[in-house]
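Some notes on the structure that comes next.
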Amino acid sequence: MARDKFIWCRNCSAIHHVTPFDRVAVYAVLSDAVEEIATYDWRAFMQQHANHKLEPLEAAGEKYFANGSALDPMSVGYIEVTNGHDRFLLRRSRKSIEEPLAYELMKGRIVATGLSLEVQENEIKKEIKYHFTWSPAMPLNDDRIDLFIGLLKELVKGIDPNTVQITEYSYTDESVSYGSLDPDVIEALMMKCAAYFLPVELAAIRRFVESHRESCDVMTLLILRQSAIEQPVY
Ligand SMILES: [Zn+2]
């Protein structure tokens, strides 16, 4: 995953986010090269801060934190960046939906606060409904599927996230990985299900669970890395 890059004007504290379109130009200038292919935003920034002290910043790995959904255009995000020596925190926000994202430097850092587990509820539902047809008992109707997912969620609540074995990392979200349900959990799930499902349904459920627990398949758990902003106390 390419790391986000920024230019920081140390005179004005202004931050420009380098997009893929102007990345070439930025490198050209910061490395004193002659070649220059610029886009409008970048050119405007460079003109506004001509003769100022500019410093390139790069995202420092996986340190990223967002308030709310990453898909929500108004959500505030934080990203840790480095100039190669020191670390800084950037706050990303938008004043209104029409305006571009604005970045500002702030004090603080992102700290890990632990892991949480989530069941892939919607994916399980879809898979059972539309794809899993190995048995006359499948697909289960919606109420039966919800019942199954409810029992699974209840069980997952009792699992310590640190004990879950990671099966795959998410390509799109660095704070997400996938983990396997271990055999003990599957047995416990089947025991719970036995109280509500017919034997023919139980057999189908077991086959469903067993055949969807690899890599990032629907019966793996989402392991979410939680983080928070820690601000210095004066
Ligand atoms: Zn400036």
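Hydrogens, waters and symmetry mates play no part in the numbers below; they use all other heavy atoms, side chains included. In each ligand, atom 1 is the first atom listed, and ligand 1 is the first ligand listed.
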query = With a cut-off of 2.8 Å, which protein N/O/S atoms are close to the Zn ion (ligand 1), if we only count those under it?
reply = Cys9 SG, Cys12 SG, His49 ND1, His52 ND1

ask   = Can you name the residues that form a side-chain hydrogen bond (donor to acceptor under 3.5 Å, both in side chains) with Glu168, not counting sequence neighbours?
value = none

Cluster overlap Tyr196 with Leu152, hydrophobic side-chain contacts below 4.5 Å = yes

ask   = Angle class for the His49/Phe45 ring planes (parallel below 30°, perpendicular above 60°, tilted otherwise)?
value = tilted

query = Can a salt bridge be assigned to the pair Glu55 and Lys53 using a cut-off of 4.0 Å between side-chain N and carboxylate O?
reply = yes

query = Parallel, tilted or perpendicular: which describes the rings of Phe148 and Phe197, with under 30° parallel and over 60° perpendicular?
reply = perpendicular

ask   = In Å, rounded to the nearest 0.5 Å, how long is the span from CZ of Arg213 to CG of Leu221?
value = 10.5 Å

